[in-house]
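Read through the structure below, which is laid out as structure tokens, and then see the notes.
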Amino acid sequence: MTHTPIFIGARIYRGSSYGAHHPLSIPRVPTVIDLSRALGWLPDAQYRTSPCAKPSALTGFHTPDYIAALQRAEATQQPDPDFDLGTLSNPVFPEVYRRPATAAGGGLLAAEHVRNGGVAYNPGGGTHHGLPDRANGFCYVNEPVLTIRHLLGMGLSRIAYVDIDAHHCDGVAVAFHGSEQVRMISIHEENRWPFTGALEDDAGGAAINIPVPRGFNDTEFDLILNEVILPAVAAQNPDAIYLQCGADAVTEDPLSRLALSNRCHVMAVDALHAMAPRLIVAGGGGYNPWSVGRAWTCVWATLAGHDLPERLPEAASAILRNLHWSRKAQPTEDLLDTLLDPPRHGPISDQVRTAVAVLTKRLSIQTGKHQP
């Protein structure tokens, strides 16, 4: 790809949160922006301000009644149980419509940018749990679905959706069940909310689900990436790849029990980068302020072609040292003065070996069926 990658951000991510005690009380996109700028990796020419998507754009997946309820909740700051607005997971907060609509606007802008080829990074996106008629799992608007539908609407016919978030992409699976144009590939922790995405579930032939056990490590990720994900993407020969790069599968994250390093995010981005003429990378989960900021900055460095330093310069380290978290857990020194984690290798579990064998066989059968 010869097009210059763009980074999509917005002021709304700076200062807005889901509430003091919500897992998304932490700064995430602003940390990535600040780190990238401190390192000289984010010139103005590569930065784009995300628009706030209009209600009519959001009804490309969501029902008009739900979008109206979301706008009403922002205006009144009152819960609406009919749409799961005002729950512990999906609280009503001052920007409850504008923030997710901005994430969706970023996805639509990303799709427009890659129309003729290229790379776009929208770390505020990746909200893969949103359902057509209600909020779900911290997600009010399903940005991946809206973005992929926009790509299809521009005439693309094959989209690979790869999801490395610790949680299964249930909202995306609802949208593209049985699709012949979108192939969904998801690695996620087994027996964790939303409790969907079983190995046997192929979403009507549209999905490859890879549930993994607690303690899932870099060695196992490498095996799945090379034996399942990359062959599946190659077999589809997609016009575009959408990578949901949730950072909640790393060891330090409080909402999973997986044990990856952020090297897996870099590895996935690097491997997928050259497999289609268009690449959109989004954020997703990530609830430790230091680990998510570092992981997503590593993602941008990889997309933009920058070398990761062994140690951060003082100005960049100061950004991490000035972060605060409501939890008692404190960061280690490595989380404050480096970006790239040390490798977290380990044994390959029988469960992972079995899943790879099952999916490799299924993929070979599917590929054989499509051979002339």
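The chain is numbered in sequence order, starting from 1. All figures in this text were calculated on a predicted structure; none of them were measured in a lab.
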Are [X] and [Y] linked, directly or through other ILVMFWY residues, by side chains that come within less than 4.5 angstrom of each other?
X: Ile348; Y: Leu260; value: yes
X: Leu42; Y: Ile280; value: no
X: Leu340; Y: Leu35; value: yes
X: Leu70; Y: Leu131; value: no
X: Ile241; Y: Ile210; value: yes

Can you name the salt bridge (Lys or Arg N to Asp or Glu O under 4.0 Å) partners of [X], sequence neighbours left out?
X: Asp34; value: Arg14
X: Asp218; value: none
X: Arg48; value: none

Hey, what's the ring geometry for Trp193 with His129, parallel, tilted or perpendicular (30° and 60° as the breaks)?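 Ring orientation of Trp193 relative to His129: perpendicular.
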Parallel, tilted or perpendicular: which one describes the rings of His306 and Trp41, with boundaries at 30° and 60°? parallel
With rounding to the nearest 0.5 Å, note down the distance linking [atom1] in [X] to [atom2] in [Y].
X: His345; Y: Ser261; atom1: NE2; atom2: OG; result: 7.5 Å
X: Ile224; Y: Leu230; atom1: CD1; atom2: CG; result: 11.5 Å
X: Asn237; Y: Met275; atom1: CG; atom2: CE; result: 9.0 Å
X: Asp248; Y: His188; atom1: CG; atom2: NE2; result: 12.5 Å
X: Arg257; Y: Thr251; atom1: CZ; atom2: OG1; result: 11.5 Å
X: Met184; Y: Ser179; atom1: CE; atom2: OG; result: 7.0 Å

In a check of side-chain contact (heavy atoms from CB on, under 4.5 Å) between Tyr66 and each of Leu85, Thr59, Leu58, which one passes? Leu85
Would you be so kind as to tabulate the donor-acceptor pairs closer than 3.5 Å made by side chains of residues 112-121, with sequence neighbours excluded?
{"from": "Glu112", "atom 1": "OE1", "to": "Arg115", "atom 2": "NH2", "distance (Å)": "2.7"}
{"from": "Glu112", "atom 1": "OE2", "to": "His150", "atom 2": "NE2", "distance (Å)": "2.6"}
{"from": "Tyr121", "atom 1": "OH", "to": "Trp296", "atom 2": "O", "distance (Å)": "2.9"}

Which atom pairs, donor and acceptor, lie under 3.5 Å between side-chain atoms of residues 92-103 and protein residues at least two apart or in another chain?
{"from": "Tyr97", "atom 1": "OH", "to": "Ala53", "atom 2": "O", "distance (Å)": "3.1"}
{"from": "Arg98", "atom 1": "NE", "to": "Glu74", "atom 2": "OE2", "distance (Å)": "2.6"}
{"from": "Arg98", "atom 1": "NH2", "to": "Pro94", "atom 2": "O", "distance (Å)": "3.3"}
{"from": "Arg99", "atom 1": "NH1", "to": "Ser16", "atom 2": "O", "distance (Å)": "2.8"}
{"from": "Arg99", "atom 1": "NH1", "to": "Ser16", "atom 2": "OG", "distance (Å)": "2.9"}
{"from": "Thr102", "atom 1": "OG1", "to": "Arg98", "atom 2": "O", "distance (Å)": "2.6"}

Do Tyr140 and Phe83 have ring centroids that are under 6.0 Å from one another? no
Step through it carefully: locate the ring centre of His128, locate the ring centre of Tyr161, and say whether they are under 6.0 Å apart. no
Counting heavy atoms not belonging to [X], are there more than 12 under 6.0 Å from its [atom1]?
X: Arg11; atom1: CZ; result: no
X: Glu333; atom1: CD; result: yes
X: Glu180; atom1: CD; result: no

N/O donor-acceptor pair under 3.5 Å between [X] side chain and [Y] backbone:
X: Arg294; Y: Thr338; result: yes
X: Gln71; Y: Ala73; result: no
X: Trp290; Y: Leu320; result: yes
X: Asp341; Y: Asn262; result: yes
X: Arg214; Y: Leu258; result: no
X: Gln46; Y: Phe7; result: no
X: Arg183; Y: Ala232; result: yes

Would Arg263 and Asp270 pass as an ion pair if we require N to O under 4.0 Å?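 Result for this pair is no, no salt bridge flagged.
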Is it true that Arg362 and Asp202 make a salt bridge, defined as a side-chain N closer than 4.0 Å to a carboxylate O? no
Pick one: which of Asp170, Asp84, Asn142, Asn90 meets side-chain hydrogen bond (donor to acceptor under 3.5 Å, both in side chains) with Asn136?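 Result: among Asp170, Asp84, Asn142, Asn90, Asp170 is the only option passing the side-chain hydrogen bond (donor to acceptor under 3.5 Å, both in side chains) with Asn136.
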Below 4.5 Å, heavy atoms only, C-beta onward: do Gln236 and Arg158 meet side chain to side chain? yes
How is the hydrophobic cluster of Ile6 composed, in terms of its other members, when Ile, Leu, Val, Met, Phe, Trp and Tyr link through side-chain heavy atoms under 4.5 Å apart, directly or indirectly? Ile8, Leu109
Quick one: do the [X] and [Y] side chains pair a donor with an acceptor below 3.5 Å?
X: Asn209; Y: His168; answer: yes
X: Arg321; Y: Ser317; answer: yes
X: Tyr287; Y: Glu252; answer: no
X: His62; Y: Asp133; answer: no
X: Ser349; Y: Glu220; answer: yes
X: Ser291; Y: Asp253; answer: no

Locate the shortest heavy-atom distance separating Gly171 from Phe61; write the atom from each residue and the value. O-CZ, 4.0 Å
Give the minimum heavy-atom separation between Leu323 and Pro27, together with the two atoms involved.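 Residues Leu323 and Pro27, closest heavy atoms: CD2-CG, 3.8 Å.
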With salt bridge (charged side-chain N to carboxylate O under 4.0 Å, His left out) as the test, would you mind laying out the steps for Arg311 and Asp334 before giving the verdict? CA-CA 9 Å; Arg311 294 286 166 183; Asp334 280 348; 3.5 Å; yes
Are Arg344 and Phe216 in a cation-pi contact, defined as NZ or CZ under 6.0 Å from the six-membered ring centre and within 45° of the axis? no
